[in-house]
Amino acid sequence: MIYLDHLASTPLDPLVLEAMLPWMQPGAAGNPHAAHAAGWRAADAIEEAKGEIAALVGARPGEVVFTSGATEANTLALLGGLPPGGGCVVSAVEHASVLGCLPELRRRGHPVAVLPVDGSGRVDPADLERALTELPGPALVSVMAANNEVGTVQPLAELATAAARHGALIHSDAVQALGTRALDMEALGLHGLSLSGHKLYGPMGIGALILRRPFRPVPPSAGGGQQRGLRAGTLPTPLCVGLGAACRLARQRREEDARRVAELRDRLWRQLCRRLPGIRRNGAAEDGDRLAGCLSVTLPGIDAADRLLDLPDLAVATGSACHSGAGEPSHVLLALGLSAADAHASLRFGLGRGTTEVEVDAAAGRLADLLKA
Ligand code: PMP
């Protein structure tokens with residue numbers, strides 16, 4: 001299998017697995033919230049993990065709230081984060097876990113603004129200024145750090161400055177950015193940030209919402225009051241430790257990963273261009289404005305999803321893949337201005353830490369052979 005779908009999920013790094021394994025042994029039993037030695041040991045390991053997570057994003061350990069993943073983190077931030085009567089501003093290219101909150105916010109009477117993006121997928125900070133001027137009352141802004149379908153990086157610093165000028169809180173879904181880009185919540189002035197273990201070579205089923213004052217969403221569930229009541233439930237020690245280890249590795253490796261993966265992405269693009277005339281690239285043109293590991297392309301006239309079925313040993317995402325096989329054209333590609341037909345003719349390659357030149361060359365060759373046939 002040639003796995004070029006790292007934006008959907010990254011394989012577990014062996015060092016992360018190694019860090020987790022001791023906490024999965026029978027001898028490691030102990031509720032991390034319990035008041036005895038076994039509980040304290042687990043609680044200490046979780047505290048250490050929070051330190052690693054906080055260090056990756058420029059926050060403090062006490063600001064980390066574990067969740068089951070970024071979907072839950074985004075939902076808690078948006079559905080729990082609006083003050084009564086407060087407005088919400090998001091971009092048109094947010095993940096479904098953000099956009100999916102909007103109907104409920106509207107139902108509750110919150111004004112909602114959805115910012116357009118340009119042809120590369122970028123939000124214009126002037127549009128945020130305008131939206132915040134028009135919204136009555138306090139607002140929560142949520143704009144992702146980098147897009148999961150086309151890799152476009154958003155101008156978070158300018159967006160945070162605009163939010164601050166209007167006294168709005170700003171949250172960012174940073175799931176895709178953290179593996180290859182530095183991001184400092186304190187320096188940027190972000191109040192909330194979502195991340196996910198399985199996009200960072202960590203375990204599935206764990207993520208975090210980082211909350212900086214004065215952002216304090218109201219949780220949907222009651223329970224044992226764990227995590228300062230923000231997300232009740234016993235913390236899964238092995239997963240928390242794994243997320244911590246993944247964040248430590250990301251901090252150590254992100255520069256090297258970004259450089260290597262961007263080279264492979266460009267190599268893949270050159271090969272596809274040579275073999276498939278008419279192919280177009282989606283997203284930002286400049287290296288600084290796009291994710292190292294993402295290459296989104298359109299092959300006009302080709303039903304990508306359909307044809308890919310003939311390449312079962314190549315894992316690549318299609319223009320509708322992010323909606324778990326729903327078959328709808330991607331809302332992201334449509335927001336960039338692509339037609340529904342072109343969105344269906346699009347593929348997303350997600351390159352990662354383990355990707356090799358041999359794999360990239362083989363993927364380009366097999367795709368070209370298939371699509372030309
Ligand atoms: N946000 C973005 C940008 C994503 O790419 C994803 C995963 N596709 C999510 C949120 C959801 O993350 P999780 O799988 O951890 O719920």
Side-chain angles (χ1 to χ4, degrees), residues 3-12 16 53 56-57 64-79 81 90-102 117 121-123 141-154 156 159 171-181 183 190 192-210 220 231 236 239-240 242-243 246-247 250 282-284 290-296 315-326 328 330-333 335-336 348-352:
Y3 187 75
L4 295 181
D5 202 13
H6 287 79
L7 277 73
S9 195
T10 47
L12 196 67
V16 174
I53 297 163
L56 180 67
V57 299
V64 176
V65 179
F66 288 103
T67 61
S68 61
T71 296
E72 187 191 342
N74 286 340
T75 307
L76 175 56
L78 271 96
L79 290 188
V90 303
S91 87
V93 294
E94 296 303 307
H95 187 260
S97 53
V98 167
L99 294 179
C101 293
L102 301 186
V117 293
R122 189 175 189 273
V123 171
V141 177
S142 182
V143 176
M144 65 203 328
N147 185 263
N148 51 305
E149 294 191 38
V150 292
T152 303
V153 172
Q154 298 296 352
L156 270 190
L159 296 170
H171 160 265
S172 184
D173 172 349
V175 162
Q176 296 292 348
L178 294 176
T180 48
R181 300 181 73 90
L183 196 158
L190 293 181
L193 180 142
S194 301
L195 59 92
S196 176
H198 75 113
K199 313 284 180 163
L200 277 175
Y201 308 93
M204 285 177 153
I206 185 95
L209 177 62
I210 320 295
R231 203 273 195 157
L239 298 181
C240 297
L243 183 58
C247 287
N282 303 311
R290 63 184 181 207
L291 281 181
C294 180
L295 176 64
S296 167
V316 177
T318 62
S320 50
C322 267
H323 304 275
S324 53
E328 291 294 314
S330 139
H331 71 280
V332 173
L333 296 175
L336 264 65
R348 178 197 66 187
F349 300 89
L351 290 70

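FYI, side chains are in, hydrogens and waters are out, and symmetry mates aren't considered; it's all heavy atoms of this structure. Counting starts at 1 for both ligands and their atoms, in listed order. FYI, the numbering just counts along the sequence from 1.
- Residue contacts with ligand 1: Ala70 is placed with a nitrogen or oxygen under 3.5 Å of a nitrogen or oxygen of the ligand (distance criterion only).
- At a 3.5 angstrom cut-off on N or O pairs, Thr71 counts as close to ligand 1.
- Which parts of ligand 1 touch Lys199 is read off a 4.0 Å heavy-atom cut-off, strictly below it: atoms 5 (O), 6 (C), 7 (C), 8 (N).
- A donor-acceptor distance shorter than 3.5 angstrom exists from the side chain of Gln154 to the backbone of Gly121, with no hydrogens or angles considered.
- Put simply, the side chain of Arg348 never gets that close to the backbone of Ser296: no donor and acceptor are under 3.5 Å apart.
- Using a 3.5 Å distance cut-off with no hydrogens or angles, the side chains of Ser91 and Glu94 do pair a donor with an acceptor.
- Near His198, meaning under 4.0 Å from one of its heavy atoms, ligand 1 places the atoms 13 (P), 14 (O), 15 (O).
- Of all atoms in ligand 1, numbered sequentially from 1 with element shown, those under 4.0 Å from a heavy atom of Gly69 are 15 (O).
- Proximity of a side-chain donor or acceptor of Ser172 to a complementary backbone N or O of Val143 within less than 3.5 Å is detected.
- The side chain to side chain donor-acceptor pair (under 3.5 Å) test applied to Ser97 returns Asn74, His95, not counting sequence neighbours.
- Ligand 1 places these atoms under 4.0 Å from at least one heavy atom of Ser196: 13 (P), 15 (O).
- Shown in contact with Met144 at under 4.0 Å from a heavy atom are these atoms of ligand 1, numbered in order with element: 3 (C).
- Counting only distance, with no hydrogens or angles, the side chain of Asn147 and the backbone of Val153 share no donor-acceptor pair below 3.5 Å.
- For the residue pair Thr10/His198, the side-chain donor-acceptor check at 3.5 Å is not satisfied.
- Between Glu72 and ligand 1, not a single N/O pair is under 3.5 Å apart.
- Taking every heavy atom of Asn148 and a limit of under 4.0 angstrom, the matching atoms of ligand 1 come to 3 (C), 5 (O).
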